[in-house]
Amino acid sequence: MIPMVDLKRQYHKLKNEIDQGIQNALENAQFILGPNVQAFEKETAANLKTEHSVSCASGTDALHLALLAAGIGPGDEVITTTFTFIATAEAICYIGATPVFVDIDPKTFNMDIDAVEAVITKKTKAIIPVHIFGQPVDMPRIMQLAEKHGLQVVEDCAQSYGADIKGKMTGTFGIAGCHSFFPSKNLGCYGDGGMITTNDSSIADRLRILRNHGSFERYHHNIIGYNSRLDELQAIILRVKLKHIEEFNRERRRAAHYYSKQLAGLVTPPQEDGIGTHVYHQYVTLTDKRDAIMKKLTENEIACAIYYPIPLHKQPVFAEQFKSLSLPISERVAAQCMALPIHPELTNQQIDQIVTVIKSAI
Ligand SMILES: *Cc1c(COP(=O)(O)O)cnc(C)c1O
């Protein structure tokens, strides 16, 4: 049995430290915005080389709160990729803005930046680039485009914790970077969790108020806010894992590069464009023999998945609104993409086993 991610095995490697930390916190009994949440925010800000880290309850909330803090609202258009998880678009809809979907680059699966420029209108207020599967979008180009048109940039870093472009981390280019700590993410906790990074102090202040019932001082409420805080127990788990994130990301890259060597000629391995460092939150291949391969993998107790089977403009929730929109590259990629297991603990021997099964299916 080879799972997509091996959270059990990772827990056992970190068990002593995690168990001890949780035990201490239970004794300490400061469960909301406690010392571990505060320490985690400081540690991630240092780790990502950003001024502020503001934690919250999920990656979805991080996007929602970031758009609110950036002053995006009803009537505004926000450009994003159609090839992402639904949460990117949900956040745009929560604030009453309109998502504008663009197609992707067929090699990196990231948003096609030429296509972004083509859909900018007078109503456009922001761009949400998504560093899909852990490969950074060309942020210098996005920032140039945003400056030229006076747009805000909110980065979706839910899959790219620790990815960088020449040493500058994803989540530090735009006005805000939105991170998710969903268990299967490359930095994940044991429940839901999220965070926003920003170099703008006024955005950070607004985020801290928004996540905590519109209140900075207890029982003084300045605006209508939300209950969206990172849990103290999750912060403990994240602090332990944060110490290993470089190693985890390095091991993901090792596994991905080994896969790509072994899979050459069988399926199309994911491609790196060399702009930044791909951290391989997911290892996504392309193949026209997907059904046959996935059937064989499943028979052999090897997990596999489709990220993503339906681009957002074709999702039932958006299909009517975007019925005349055709984004052919994402539609083709959705029909051919196949994600294979990837996690820091995945051994080259396990990869050999997976490749042997794929060979037999072809
Ligand atoms: C996981 C994910 C999110 C949402 O994060 P949650 O913590 O699950 O709310 C947003 N965007 C992308 C691209 C994701 O992969």
Side-chain angles (χ1 to χ4, degrees), residues 4-5 7 40 44 53-68 78-95 99 101-102 104 108-111 126-137 139 142 153-163 170-171 174 176-197 207 210-211 226-231 234-235 237-238 241 249 252 270 278-284 305-313 315 317-318 330 333-334 337 339 342-343:
M4 291 300 284
V5 287
L7 294 178
F40 178 66
T44 48
S53 273
V54 181
S55 59
C56 63
S58 70
T60 307
D61 280 6
L63 288 159
H64 180 196
L65 299 181
L67 290 173
L68 281 172
V78 179
I79 301 170
T80 195
T81 168
T82 189
F83 196 66
T84 178
F85 181 59
I86 186 75
T88 318
E90 281 177 320
I92 299 169
C93 297
Y94 292 161
I95 58 160
F101 297 120
V102 296
I104 55 173
T108 63
F109 312 138
N110 271 327
M111 73 192 327
I127 308 171
I128 308 183
V130 181
H131 307 292
I132 203 75
F133 307 139
Q135 176 152 233
V137 173
M139 288 310 297
I142 292 276
V153 175
V154 172
E155 294 172 70
D156 184 335
C157 307
Q159 304 187 3
S160 74
Y161 190 99
T170 56
C178 302
H179 305 260
S180 164
F181 305 126
F182 185 84
S184 64
K185 305 287 168 147
N186 64 320
L187 178 60
C189 56
Y190 296 160
D192 280 304
M195 185 177 78
I196 306 111
T197 43
L207 288 168
L210 280 167
R211 73 164 172 194
Y226 298 84
N227 177 349
S228 180
R229 296 164 301 216
L230 178 66
D231 195 273
Q234 302 301 347
I237 292 148
L238 288 166
K241 289 202 188 183
N249 283 342
R252 285 174 178 278
H278 196 330
V279 295
Y280 289 99
H281 167 61
Q282 294 296 349
Y283 184 85
V284 178
I306 300 175
Y307 304 127
Y308 293 96
I310 307 172
L312 295 190
H313 69 288
Q315 289 286 349
V317 61
F318 288 126
S330 61
V333 168
C337 58
I342 191 150
H343 44 268

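When a residue number appears, it is its place in the shown sequence, counting from 1. In listed order, ligands and their atoms are each counted from 1.
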Asker: Can you name the closest pair of heavy atoms from A176 and I196 and give their distance?
Answerer: CB-CG2, 3.7 Å
Asker: Can you pull the residues with any heavy atom under 4.0 Å from ligand 1?
Answerer: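 Answer by chain and number: S58, G59, T60, L63, T84, F85, A87, T88, V130, D156, A158, Q159, S180, F182, K185, G193.
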Asker: Per the side chain to side chain donor-acceptor pair (under 3.5 Å) rule, what does the pair list look like for residues 180-192, sequence neighbours excluded?
Answerer: N186-N249
Asker: Hey, does C189 have a side-chain heavy atom less than 4.5 Å from the side chain of L238?
Answerer: yes
Asker: Any side-chain donor-acceptor pair under 3.5 Å between S330 and T82?
Answerer: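 Not at all, the side chains of S330 and T82 share no donor-acceptor pair under 3.5 Å.
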Asker: Counting only N and O atoms by type, is there a donor-acceptor contact under 3.5 Å from the side chain of S55 to the main-chain atoms of M195?
Answerer: no
Asker: Any side-chain heavy atom of T84 sitting closer than 4.5 Å to one from L312?
Answerer: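 Side chain of T84 against side chain of L312, heavy atoms only: contact under 4.5 Å found.
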